[in-house]
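Throughout, a chain's letter reflects where its sequence line sits, starting with A, and its residues are numbered from 1.
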Amino acid sequence: MTKPVRVRFAPSPTGYPHVGNIRTALFNWLFARHSSGRFVVRIEDTDVTRKVEGALEVILSGLKWLGLDWDEGPGVGGDYGPYFQSQRLSLYREAAERLIRQGNAYCCYCSSQRLKEMREEQARRKQPPGYDRRCRDLSEAERVQKEAKGITPVVRFKTPFEGRTRFNDLIWGEVVFEHGTIDDLVLLKSDGYPTYHLANVVDDHLMEISHVLRAEEWLSSTPRHLLMYQALGFEPPQFAHLPMILGADRAKLSKRHGSVSITEYREQGYLPETMVNFLALLGWSLDDKAEIFSLAELVANFSLERVSRTGAIFNRDKLNWMNGAYIRSLSLDDFTRRTLPFLENGLPAGVRRPLSIDYIGQVMPLIQERARTLAEVPELTAFFFTDELDYEPGLLIVKKMDRESSVQALEAVRQRLSPLQAFDTVSLEAVLRPLAAELELKTGQLFGTLRVAVTGRTVAPPLFETMSVLGKERSLERVGAALDKLRSL
RNA sequence: GCCCCCAUCGUCUAGAGGCCGAGGACACCGGCCUUUCAAGCCGGUAACAGGGAGUCGAUUUCCCGUGGGGGCACCA
C-alpha cells in the first residue's frame, strides 16, 4: 500500500519570493493536487540573523496570487503544526540529544574563528573545505573543561568515514555519494536553533511528508539527510530534485539578472495565469505541441516523469508573448478590472481622479490586443486622458508631405468634421476616406497626420475608433492645436 | 581543489534504436492583411558539440573527453 501524498513548500522568510522558489512551490502544489494529496506550507524561520520583516506576508500573498492554496500551514492550521520551525525548537533539540546519546552526533566547541581559518587554509592548499572533526572524539574530561570555559557548543552529525549512500531520485535516477566526501555537518547552532538539515529531516518525518520536491541545489545534501533519517530511525520520503532556473548567462538566477521576485512580475503587470503557465514550462512539458495551460489543465496533466533534468533559462521574451496571449484571452470586463489599479497608479498625476469607469470601458477594447503587460497600459493610453498633448510638431508632417500640405489637410479635416452629427467610426470613415482622395493624398498620409494630431504619436490604436472615443469636441480641439503647432513651425 | 549532475535550433522544449534528411513554441527574417502599431494568417533561417564502442541501423545504449551547472557556512 502506498502512503498518501503529502508534500510541502518550505520557504525561509529571509527575502522576497524568488521565481525559482515559486516554481518549486508550483510543482509541489501540482503534484499534490494531481495525486489528491495534501500541500503543506511550512515556514523555515531558523535563521534569526537573516530574517526579513514582512517577507513571510509577501511569500504567502504571492502563493495566493497564483492560486496555490495550501491545506496546512500559516493561517489554516492543521494536525501537524505548528508550521513555523521557530515554534518547534524543542523537537529539534530532542532529536539532537538523541543522536548524541546514540553516538551519532557530538558537541563541537570550535570557534567560528578557527573554522574560518581552517577553511582558508584548506583553500590555500587547494583541498576541499570541510570540518576537520577535531571535537568528534573529545573525552568527557575535555568536554567538561570546554564547558567550564563557558563555550556553547554546536551539535555536529557524525558522518561515517566509510561506505556510501545511494538513493533513487524520482527525476535524476540513482545517485551515489561516498561518505568520505561528506564532513560532519552542524545540526544545532549555538543559539539553539537547528540548521536546515536537522529541522528538515525532523519536520518532514513528523509531518509525514511523502515526497520532497526541491531544487537541484539540494541534491548533494540529500545523502546527509538520508544518513540522518537512518540514525533517527525514520523512514525517508521520496526525493525529486527539480532543475534550476537560470539567468541568461546560465548561472543560477539571482538579483543581478534583473527581476527575480514574483512580486516584481506582479507589479510589472504580468497575470498570475501567465506566471503559472510559464513557470510550469520551465522544466516540465506535456508534449511537442501544448503551450498554454490553465491551472486545472496543469493539475490534470502534471507528472514528475515529464520533468527534465536540464536547467532552464528564464526567457523574458517568451514570458512577454505569453502574457500578451493571456491578456488577449481575457474578457473585456476582466481586462478592464485588472488594469484599473495600473491606470490609477500609472496615469499622469494631472489626470482627474477618480477615473471614469465608463470612459475606461471605451478605451480598453482599443488596447487589449496591443498590451503585453498591464503595466504598459497607462503609457499606451495616456493620450486618452490628458488634455494637452505634448509632442514634437515635426511628427505632424508625414512622408512625402510638407508643412503646407499638412496644414491644408488638417484644415480640410476640421471643415468636414465640424458639421458631423454622428461621430462614430462609420461616419468618420465615410467622410475621411473620400477626403483623402479629394486632397490627392494616400490614406496613410492623411490618417497619419491626423493620428499624430489626435494622439500625439505615430503609433496608436486605430484612428477612427480613437476619435470616436475621444468624441467630436476633443478631437477637433486637438486638430486645432495641431494646426497651431504647424503654423508656429 | 574535491564531490555530484547535466548536454537537441539563440531560448523553452518534443523525441524513450529505424516513424527524424529531427517536430512545436518564443525570438528573428520575409510575405499577406492593413490608416500606424499590434493581432491574425502564410513562409523562412536555425540544433542532435566531438571521438570511440556496440547494432543491420543511432539524436535515442555504453565509454572517453569537452562544455556547462550545482554543492562543499553555526544560510536556506
Side-chain angles (χ1 to χ4, degrees), chain A residues 10-12 14-15 21 44-47 49-50 108 110-112 115-116 119 122-131 152-156 169 172-173 175-178 180-183 185-191 193-197 199-200 215-223 241 243-244 246 248 250-252 278 281-292 306 308-322 324-325 328 367-372 380 398 429 432-433 436 442-452 455 457-464:
Chain A
S12 171
T14 52
N21 294 129
E44 312 225 323
D45 51 352
T46 57
D47 188 342
T49 59
R50 290 203 311 158
C108 168
C110 294
S111 67
S112 46
L115 296 175
K116 183 166 167 267
R119 272 194 295 273
Q122 286 163 335
R124 207 172 305 127
R125 291 208 225 143
K126 296 199 182 293
Q127 286 176 338
Y131 180 55
T152 317
V154 301
V155 176
R156 284 184 185 273
D169 188 280
W172 302 76
V175 183
V176 186
F177 285 87
E178 298 286 338
T181 64
I182 307 173
D183 73 347
L185 65 153
V186 173
L187 302 178
L188 218 51
K189 305 181 239 182
S190 56
D191 64 1
Y193 279 74
T195 59
Y196 168 86
H197 305 289
N200 233 256
E216 189 205 329
E217 54 191 324
W218 295 108
L219 189 67
S220 53
S221 44
T222 304
H241 288 89
M244 310 277 298
L246 280 19
R250 293 218 149 267
K252 190 167 156 182
F278 181 74
L281 256 17
L282 248 34
W284 176 87
S285 64
L286 178 61
D287 55 26
D288 61 342
K289 292 283 188 301
E291 297 281 343
I292 301 292
R306 298 208 57 86
S308 94
R309 269 166 303 270
T310 320
I313 292 176
F314 191 96
N315 183 191
R316 201 60 187 249
D317 277 335
K318 187 156 185 172
L319 210 219
N320 288 335
W321 163 76
M322 191 176 279
R328 273 172 256 131
I367 212 68
Q368 184 169 8
E369 75 175 21
R370 293 173 171 75
R372 287 160 89 73
L380 253 24
V398 304
E429 184 157 13
L432 294 174
R433 221 173 259 287
K442 297 217 152 124
T443 49
Q445 293 176 302
L446 208 221
F447 298 168
T449 304
L450 189 49
R451 172 173 300 108
V452 173
T455 69
R457 41 175 82 204
T458 54
V459 172
L463 184 60
F464 306 140

Assigned partner base of B/C20, Watson-Crick or wobble definition, under 3.5 Å: none

Residue-phosphate contact under 4.0 Å: A/R306 side-chain N/O, B/G15 OP1/OP2: yes

Sugar-phosphate only, base, or nothing, as touched by A/P461 at under 4.0 Å among non-hydrogen atoms: base

Watson-Crick or G-U counterpart of B/G40, or none if no pair lies under 3.5 Å: B/C32

A/F314 and A/F278 aromatic ring geometry - parallel, tilted or perpendicular at 30°/60° bounds: perpendicular

Nearest-Å distance once atom C1' is located in both B/U55 and B/U11: 35 Å

Whole-angstrom distance between B/C9 and B/G50, as gauged at atom P: 11 Å

Complement of B/A58, any strand, by Watson-Crick or G-U distances under 3.5 angstrom: none

CD-CG distance between A/E44 and A/N200, expressed to the nearest 0.5 angstrom: 5.0 Å

5' priority, RNA chain B, between A/F314 and A/Q127 [closest heavy atom]: A/Q127

Base partner of B/G1, which must satisfy Watson-Crick or wobble distances under 3.5 Å: B/C72

Sugar-phosphate only, base, or nothing, as touched by A/I313 at under 4.0 Å among non-hydrogen atoms: sugar-phosphate

B/U8 versus B/U61 - spacing of their P atoms, nearest Å: 13 Å

Distance, rounded to the nearest Å, where A/F177 contributes CZ and B/C3 contributes P: 12 Å

Sugar-phosphate, base or nothing in reach of A/V398, heavy atoms under 4.0 Å: nothing

Residue pair A/D287, A/S285: steps toward the side-chain hydrogen bond (donor to acceptor under 3.5 Å, both in side chains) verdict: CA-CA 6 Å; A/D287 55 26; A/S285 64; over 6 Å; no

Sugar-phosphate only, base, or nothing, as touched by A/R457 at under 4.0 Å among non-hydrogen atoms: nothing

More than 12 heavy atoms from other groups under 6.0 Å of NZ on A/K189: yes

Whichever of A/K289 and A/R125 has its nearest RNA chain B nucleotide further upstream toward 5': A/R125

Heavy-atom side-chain contact between A/Y196 and A/S12 under 4.5 Å: no

B/G40 OP1/OP2 closer than 4.0 Å to side-chain N/O of A/R370: no

Side chain of A/E291 (C-beta onward), nearest among B/G10, B/A25, B/A14: B/A25

Sugar-phosphate only, base, or nothing, as touched by A/P462 at under 4.0 Å among non-hydrogen atoms: base

Gap in Å between the two C1' atoms, one belonging to B/G15 and one to B/C72, rounded: 36 Å

Gap between atoms CG and C1', on A/N315 and B/C28 respectively (whole Å): 13 Å

Per-nucleotide protein contact string for nucleotides 71-76 of chain B, where B marks a base within reach and S marks sugar-phosphate only (heavy atoms under 4.0 Å, - for neither): SBSBBB

Candidates B/A27, B/G1, B/U36 - which lies nearest the side chain of A/K126: B/G1

Touch class at under 4.0 angstrom, heavy-atom based, for A/F464 against every strand present: base

Nearest heavy atoms of A/F447 and A/L432, plus distance in Å: CE2-CB, 3.8 Å

A/D287 CG to B/C12 P, straight-line distance once rounded to whole Å: 18 Å

Minimum-distance nucleotide (side-chain atoms of A/A312 versus B/C12, B/U35, B/C4): B/C12

A/E291 side chain reached by A/K318 side chain, heavy atoms, under 4.5 Å: yes

A/K318 NZ - B/U13 P separation (whole Å): 9 Å

Interatomic distance, A/M322 CE vs B/G24 P [rounded to whole Å]: 17 Å

A/P243 side chain reached by A/R309 side chain, heavy atoms, under 4.5 Å: no

B/U35 OP1/OP2 closer than 4.0 Å to side-chain N/O of A/R433: yes

Gap in Å between the two P atoms, one belonging to B/U59 and one to B/G17, rounded: 14 Å

Gap between atoms CG and P, on A/D288 and B/A47 respectively (whole Å): 20 Å

B/A58 versus B/U45 - spacing of their P atoms, nearest Å: 27 Å

Whole-angstrom distance between B/C28 and B/U34, as gauged at atom P: 24 Å

Pairing nucleotide - B/A25, Watson-Crick or G-U, each distance under 3.5 Å: B/U11

Options B/U35, B/A39, B/C3, nucleotide nearest the side-chain atoms of A/R372: B/A39

Sugar-phosphate, base or nothing in reach of A/G283, heavy atoms under 4.0 Å: sugar-phosphate

Sidechain-backbone polar pair: A/T181 side chain, A/F177 backbone, donor-acceptor under 3.5 Å: no

Spacing between A/L246 atom CG and B/A7 atom C1', to the nearest angstrom: 13 Å

Taking every non-hydrogen atom, the tightest pair across A/R451 and A/R457: CG-O, 3.5 Å

A/S285 side-chain proximity, nearest of B/U36, B/C5, B/U13: B/U13

Carboxylate-amine/guanidinium contact A/E216 A/K252, below 4.0 Å: no

Side chain of A/R451 (C-beta onward), nearest among B/U35, B/C5, B/U13: B/U35

Sugar-phosphate, base or nothing in reach of A/T443, heavy atoms under 4.0 Å: sugar-phosphate

Gap between atoms CG and P, on A/N320 and B/A27 respectively (whole Å): 9 Å

Phosphate-side-chain proximity, A/R328 and B/G40, N/O vs OP1/OP2 below 4.0 Å: yes

P atoms of B/U66 and B/A76, separation to the nearest Å: 37 Å

Sugar-phosphate, base or nothing in reach of A/G448, heavy atoms under 4.0 Å: nothing

